[in-house]
Amino acid sequence: MTESPTGRPRHEFQTDDATLAPIAAKVMAGERLSAEDGYALYRSPDILAVGWLANLVRERMHGNLTFFNVNRHINPTNVCVASCRLCAFGKKKGDSGTYTMALEEAWQSAGEGYSEAVTEFHIVGGLHPDLPFEYFLDLVKGLKERFPKVHIKAFTMVEVAFLAKRAKLSIPDALIQMKAAGVDSCPGGGAEIFADRVRHIICDHKIDGSEWLETAEMVHNAGLRSNATMLYGHIENEEDRVDHMLKLRAVQDRTGGFQTFIPLAFHPENTVLGHLPRTTGFDDMRQIAVGRLLLDNFAHVKSYWQMVTPKMAQISLRFGADDIDGTVVEEKIYHEAGATTPQGMRRAELERLIREAGREPVERDTLYNRVTRTEDTFVIAV
Ligand code: V47
């Protein structure tokens, strides 16, 4: 019997689902899982055994540590040409309820909110038909001038490709300008589900799955790290989910540029797909676990508390997740789609959630360096 990082003895793997035995043997030996293994993990009725295996991998990689950060979301505009059926946030130019922040307004709102010094601005917005590339460069430059210590994680692969096209630049050339302006890394959104059949229905007006993956590769080759998301719980099936994760794994084998895998539970309210039910806790935990098991070359799996609720985020720390994201302030995309979680959380509350789950909280910056705080400032140990 081995010992877990919590100091308690770790019991042997047990299941009454025979299909899991060969998968468990591979996991214990540190071998890569196949697509068929992924299907078996989705189909197994023994969710606790699936979670046990994911937890084994999670503890092997991170012991008892659980990461969170102090961040702020900035969504500069909700005007979007894409009309994705999955989305309740983006609106067509001229529709009621649209907004576009003036630069001064964006810079000012970045400094508002909690007094805790944020270490990250997370910037994601709509695909605006008229805003020039310079608006986004100036937005980032202005933030860097005002908040030089804050890491700027800006623009999904969809936005990077869209902005480059609008500026008539190649993606690598656009990335050079974004980096010069102050972009430090990219968020993982817009990946949805890569399979064309699904993408045609949920988001047919933006880059396809191959283009998303190629853009991510260019981002990594430009020296920027990025995250990768997967939107689940709509019209996709298990094969689509496995296909999505294995495509991410293949890019990661080449670049090593992804930091974190973030499964995003679909919120149907106020979307064209509003008739679909929400994901269940069972599905959310299984998705975290399967992600942890298939994505052996990803250092982190994030259970985004805004998406799965703080309570399920706690449970996920035993199902493969090692990160619950951050203070967020102030989330818009899921709240437009019916999320009932708070739009932000204090640092101390995040720490409490993690401690109560029996894990050790570690404040990280965007690149997973440890953050140490003194009063209202912070030091990053690189
Ligand atoms: O790409 C949109 C998703 C994403 C809905 O990198 C929806 O650390 C559920 O990228 N229901 C944007 N999801 C958010 C994003 C993100 C979030 C947190 C952390 C990170 C990171 C990135 O939100 C979109 C889309 O996949 N989304 N609408 C909806 N109705």
Side-chain angles (χ1 to χ4, degrees), residues 67-69 71-75 78 80 82-91 119-127 151-162 183-194 198-199 202-203 206-207 209 212 216 219 224-236 244 248 257-274 276-279 284 287 298 300-308 313 321 323-341 343-344 364-368:
F67 301 94
F68 71 96
N69 71 344
N71 60 350
R72 183 174 182 88
H73 282 207
I74 302 171
N75 306 116
N78 66 351
C80 190
S83 303
C84 295
R85 292 189 182 90
L86 65 90
C87 184
F89 171 73
K91 296 193 170 26
T119 61
E120 170 189 285
F121 291 134
H122 166 117
I123 306 176
V124 176
L127 307 179
H151 179 110
I152 298 185
K153 183 180 76 179
F155 314 129
T156 66
M157 299 309 98
V158 176
E159 290 167 279
V160 168
F162 179 80
V183 171
D184 296 305
S185 72
C186 294
E192 322 310 1
I193 284 281
F194 295 137
V198 176
R199 224 171 163 83
I202 65 170
C203 58
K206 62 188 186 194
I207 54 172
W212 191 99
V219 164
L224 294 168
R225 309 299 299 273
S226 74
N227 290 333
T229 57
M230 180 179 85
L231 187 75
Y232 67 95
H234 42 89
I235 56 157
E236 87 292 357
H244 186 96
L248 289 174
F258 289 121
Q259 302 212 95
T260 313
F261 175 61
I262 315 161
L264 296 173
F266 179 55
H267 282 49
E269 235 168 85
N270 302 324
T271 75
V272 176
L273 304 171
L276 295 176
R278 281 193 183 203
T279 61
D284 293 338
Q287 182 47 56
F298 274 62
H300 302 281
V301 173
K302 188 189 284 185
S303 176
Y304 186 30
W305 68 264
Q306 290 259 358
M307 277 295 199
V308 294
D323 188 323
I324 61 171
D325 203 76
T327 48
V328 178
V329 199
E330 118 195 48
E331 206 293 310
K332 290 198 180 85
I333 297 177
Y334 318 113
H335 287 84
E336 293 286 345
T340 52
T341 47
Q343 278 182 286
R364 60 161 178 91
D365 70 357
T366 312
L367 301 176
Y368 287 84

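Counting starts at 1 for both ligands and their atoms, following the listed order. Along the sequence shown, residues carry numbers from 1.
- Residue contacts with ligand 1, taken as heavy atom pairs separated by less than 4.0 Å, involve Y304 solely via side-chain atoms from C-beta onward.
- Distance CE/M307 to CG/D325: 10.5 Å, rounded to 0.5 Å.
- Between R278 and E269, the closest side-chain pair of non-hydrogen atoms falls below 4.5 Å.
- Using a 4.0 Å cut-off to heavy atoms of I262, the atoms of ligand 1 that qualify are 6 (O), 8 (O), 19 (C), 20 (C), 21 (C).
- In this structure, A88 does not count as a contact residue of ligand 1, since none of its heavy atoms falls inside 4.0 Å of the ligand.
- The CD1 atom of I123 sits 4.5 Å away from the CD1 atom of I74 when rounded to the nearest 0.5 Å.
- Of the protein's non-hydrogen atoms, G188 N, 2.8 Å is the one closest to atom 6 (O) of ligand 1.
- Among all heavy-atom pairs drawn from C203 and E192, the shortest one is SG-CG, 3.8 Å.
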Q: Kindly indicate, with the supporting measurements, whether the criterion side-chain contact (heavy atoms from CB on, under 4.5 Å) is fulfilled by V328 and R72.
A: CA-CA 5 Å; V328 178; R72 183 174 182 88; over 6 Å; no
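- Note on ligand 1: Q306 sits outside its first shell, no heavy atom being nearer than 4.0 Å.
- Taking a cut-off of under 4.0 Å to the non-hydrogen atoms of M307, the atoms of ligand 1 that pass are 9 (C), 13 (N).
- Among protein heavy atoms, atom 10 (O) of ligand 1 sits closest to G189 CA, 2.8 Å.
- E269 does not count as a contact of ligand 1, since none of its heavy atoms falls under 4.0 Å from the ligand.
- The protein atom (non-hydrogen) at minimum distance from atom 8 (O) of ligand 1 is K153 NZ, 2.7 Å.
- Between the OG atom in S303 and the CG atom in D323 there is a gap of 9.0 Å [rounded to 0.5 Å].
- Scanning the protein heavy atoms around atom 1 (O) of ligand 1, the nearest turns out to be G190 N, 2.6 Å.
- Of the N or O atoms in N227, one or more lie within a sub-3.5 Å distance of an N or O in ligand 1.
- Close contacts of ligand 1 with P187, meaning ligand atoms under 4.0 Å from a residue heavy atom, involve 6 (O).
- Here the closest heavy-atom approach between residue G190 and residue R199 is recorded as O-NH2, 3.0 Å.
- Which parts of ligand 1 touch K302 is read off a 4.0 Å heavy-atom cut-off, strictly below it: atoms 8 (O), 21 (C).
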Q: List the steps, then state whether salt bridge (charged side-chain N to carboxylate O under 4.0 Å, His left out) holds for R225 with D184.
A: CA-CA 8 Å; R225 309 299 299 273; D184 296 305; over 6 Å; no
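- In this model, a donor atom of one side chain and an acceptor atom of the other lie less than 3.5 Å apart for T260 and Y368.
- Put simply, the side chain of F155 reaches to within 4.5 Å of the side chain of V183, judged on heavy atoms.
- Heavy-atom distances between A265 and ligand 1 reach below 4.0 Å in at least one pair.
- Closest to atom 11 (N) of ligand 1 among all protein heavy atoms lies H267 N, 2.9 Å.
- For atom 12 (C) of ligand 1, the nearest protein heavy atom (residue, atom name, distance) is Y334 OH, 3.7 Å.
- Heavy-atom proximity to atom 13 (N) of ligand 1, evaluated over T279, V158, L231, N71, is greatest for L231.
- Every atom of ligand 1 with a heavy atom of A337 under 4.0 Å away is listed here by number and element: 30 (N).
- Side chains of P187 and N227 form no contact here, defined as non-hydrogen atoms less than 4.5 Å apart.
- The protein atom (non-hydrogen) at minimum distance from atom 16 (C) of ligand 1 is H122 CE1, 3.7 Å.
- Those atoms of ligand 1 that come under 4.0 Å of a heavy atom in L264, given as number and element, are 3 (C), 4 (C), 23 (O), 26 (O).
- We find the SG-CZ distance between C87 and F266 to be 9.0 Å, quoted to the nearest 0.5 Å.
- The ring of H300 has its center closer than 6.0 angstrom to the ring center of F67.
- Of all protein heavy atoms, the one lying nearest to atom 25 (C) of ligand 1 is E192 OE1, 3.3 Å.
- Remark: distances from the non-hydrogen atoms of V124 to ligand 1 are all 4.0 Å or more.
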Q: Determine, step by step, whether T119 and N69 satisfy the side-chain hydrogen bond (donor to acceptor under 3.5 Å, both in side chains) criterion, reporting the C-alpha distance in whole Å, the side-chain angles of both residues, the deciding distance to 0.1 Å, and the verdict.
A: CA-CA 7 Å; T119 61; N69 71 344; 4.9 Å; no
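- For the residues N69, T156, L86, the heavy atom positioned nearest atom 28 (N) of ligand 1 is part of L86.
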